[in-house]
2 protein chains.
Amino acid sequence: MSEGVEWAVHCCVVLTSVAAPVPAARLAELHQVSPTYLAKQLQALARAGLVFSVQGKSGGYVLSRPPAEITLLDVVEAIDGPEPAFVCTEIRQRGPMATPAEYCTTPCPISRAMAASESARRDALRSVTIAGLAEQVEAGSGAGTLNGVAAWLGSTGT
Amino acid sequence: MSEGVEWAVHCCVVLTSVAAPVPAARLAELHQVSPTYLAKQLQALARAGLVFSVQGKSGGYVLSRPPAEITLLDVVEAIDGPEPAFVCTEIRQRGPMATPAEYCTTPCPISRAMAASESARRDALRSVTIAGLAEQVEAGSGAGTLNGVAAWLGSTGT
DNA sequence: GGTCAGGTACTCGGATAGAGTATGTCCGAGTGAGTAGGG
DNA sequence: CCCTACTCACTCGGACATACTCTATCCGAGTACCTGACC
């Protein structure tokens, strides 16, 4: 899986506690990652409609929806793309013992099994929201952690 | 996901109906895929212990276990590798607002959610066996399909 | 006829090139804020 | 004192290089089968 997914999810979680837009460069500084590449991931989030991008002097990125309405699946698909990992190339219709196309009314069993596993993964990802993740972060690292991060993001120093 | 996974699964399914070893080149001809690259995938299956490779004039590959004891997960992991797609790089421990390492006794919530989705996918893949797939192929394409393929694999002509 | 040695052809196995995608970087377009001037 | 127009600095956005993995290929190592000779 793309490493940018992890960055994007972390960004969404910290964005839950801020109201003003946060520039990509500041998020990169917070996470110590490549600013330009993180910007690319945030652009993908913007294209997917998960965040709003505002330009200008005090611009940046803001969540476009309440965190409870953004699922982990939304973020993963925004970065990695919505197409499933497994694509059936219809091997059964090729070669000397090919199954005639008229018999292939349903997806082949292998494709179905792969689709089922993909679906299970997507269901698991869909059941987790950004708000839920933020809640767990607070529970794990202490209440007020995200507010502290938000304060740092809003300030100008290091 | 690696395209070789699809090839490998198809090979495992057709191997359920043969007793004698089948050369990689013949499986490639059956599926109309690159012989040398398919050979590489079969080598991976052999390394994982899913198939036995026998050398010599009438050599080839045979399933090492009853098809009911080989799961789709086994094949996928043999080709794509057993390591999970998502790897947590512990972003929370980096940057100016880093969480101290002593607070990181449990995996971060994001990592946990990703692991859960991976686990769901693996469970789905584990619940499908090669024998089950072969059964569904017979049900879909007509009884005797696999035996016909087996006969073709055993013969010498095209 | 049976046994054994040798050759041969066929197999797998790992080491070796090429293509596509993920990663990382750069510069230009756009815009909101701040400022200076005028009314 | 308020309004307006301008400048400017800061932001995003897409176009451009680089590294790595997936795909595809080649040739060498090994082995079972077949053939032939010998007993």
Side-chain angles (χ1 to χ4, degrees), chain A residues 1-8 11 15 18 20-29 31-64 76-81 83-87 89 91 153-154 156, chain B residues 1-8 11 15 18 20-29 31-64 76 78-81 83 85-87 89 91 153-154 156:
Chain A
M1 187 181 319
S2 209
E3 188 172 350
V5 172
E6 186 182 10
W7 302 4
C11 286
L15 283 179
V18 299
V22 180
R26 194 125 187 95
L27 288 168
E29 190 183 359
H31 293 129
Q32 277 191 344
V33 297
S34 161
T36 52
Y37 190 44
L38 178 62
K40 185 180 275 296
Q41 315 301 335
L42 291 171
Q43 286 168 28
L45 292 182
R47 269 192 296 269
L50 302 181
V51 300
F52 287 141
S53 68
V54 307
Q55 285 191 334
K57 195 175 176 73
S58 62
Y61 291 96
V62 202
L63 291 183
S64 64
V76 170
E77 287 198 336
I79 305 296
D80 262 10
E83 56 277 355
F86 181 89
V87 287
T89 59
I91 282 183
L153 284 174
T156 58
Chain B
M1 187 181 319
S2 210
E3 188 173 348
V5 171
E6 186 182 11
W7 302 4
C11 286
L15 283 179
V18 299
V22 181
R26 192 123 188 98
L27 287 169
E29 190 184 359
H31 294 129
Q32 277 191 344
V33 298
S34 162
T36 52
Y37 189 45
L38 178 63
K40 186 176 273 296
Q41 314 301 335
L42 292 170
Q43 287 169 28
L45 292 182
R47 269 193 295 271
L50 301 181
V51 300
F52 286 141
S53 66
V54 306
Q55 285 190 335
K57 193 176 177 73
S58 62
Y61 291 96
V62 204
L63 291 182
S64 64
V76 171
I79 305 297
D80 261 9
E83 56 278 352
F86 181 89
V87 288
T89 58
I91 283 183
L153 284 175
T156 57

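Chain letters run A, B, ... following the sequence lines, proteins first, then strands; residues in each count from 1.
Checking C/dC12, C/dT25, C/dT23 against every side-chain atom of A/Thr36, the shortest atom distance belongs to C/dT25. Comparing D/dG30, C/dT25, C/dG30 by their nearest atom to the side chain of A/Gln55 picks out C/dG30. The side chain of B/Ser58 lies closest to D/dC33 when the candidates are C/dG14, D/dC33, C/dT11. Of the candidate nucleotides D/dC12, C/dT23, C/dC12, C/dT23 has the atom lying nearest to any side-chain atom of A/Ser2. In the set D/dG30, C/dG24, D/dC22, D/dC22 carries the atom at the smallest distance from any side-chain atom of B/Tyr37. With distances taken from any side-chain atom of A/Lys40 to the nucleotides D/dC12, D/dA15, C/dC12, the minimum falls on D/dA15.
Residue order along DNA chain C, read from the 5' end via each residue's closest nucleotide, puts B/Pro23 first among A/Pro35 and B/Pro23. The residue among A/Leu42 and B/Lys57 whose nearest nucleotide of DNA chain D lies closer to the 5′ end is A/Leu42. Take the nearest nucleotide of DNA chain C for B/Tyr61 and for A/Trp7: the residue whose nucleotide is more 5' is B/Tyr61.
A donor-acceptor contact closer than 3.5 angstrom is absent between the side chains of A/Thr89 and B/Glu3.
Going from atom CG of A/Asp80 over to atom C1' of C/dA22 covers 10 Å, rounded to whole Å. Rounded to a whole Å, the CZ atom of A/Phe52 is 12 Å from the P atom of D/dG13. The separation between A/Glu3 atom CD and D/dA19 atom P is 17 Å, rounded to whole Å. One can place CD of A/Gln41 at 14 Å from P of D/dG14, the figure rounded to the nearest angstrom. Across the protein-nucleic acid pair, A/Glu6 atom CD and C/dT23 atom C1' stand 15 Å apart, rounded to whole Å. The CD atom of B/Gln43 sits 15 Å away from the P atom of D/dT25 (whole-angstrom rounding). Separating the CG atom of A/Leu38 from the C1' atom of D/dT11 is a distance of 14 Å, rounded to the nearest angstrom.
A sub-4.0 Å separation between OP1 or OP2 of C/dG14 and a side-chain N or O of B/Arg47 is present. One finds no side-chain N or O of A/Ser34 lying less than 4.0 angstrom from the OP1 or OP2 phosphate oxygen of C/dT23. Taking side-chain N and O atoms only, A/Arg26 has no distance below 4.0 Å to OP1 or OP2 of D/dT11.
Note that the CG atom of B/Leu50 and the SG atom of B/Cys11 stand 12.5 Å from one another [nearest 0.5 Å]. Atom CD1 of residue A/Ile79 and atom CD of residue A/Gln43 lie 10.5 Å apart, to the nearest 0.5 angstrom. To the nearest 0.5 Å, the span separating CZ on A/Phe86 from CG on B/Asp80 amounts to 10.5 Å. One finds the NE2 atom of A/His31 at 8.0 Å from the CG atom of A/Leu38 (value rounded to the nearest 0.5 Å).
The minimum heavy-atom distance linking A/Leu42 with A/Ala24 is given by the pair CD1-CB, 3.5 Å.
Residue A/Ala25 is out of contact with every strand shown, counting any heavy-atom pair closer than 4.0 Å. If you check every strand for non-hydrogen atoms under 4.0 Å, A/Ala39 touches nothing.
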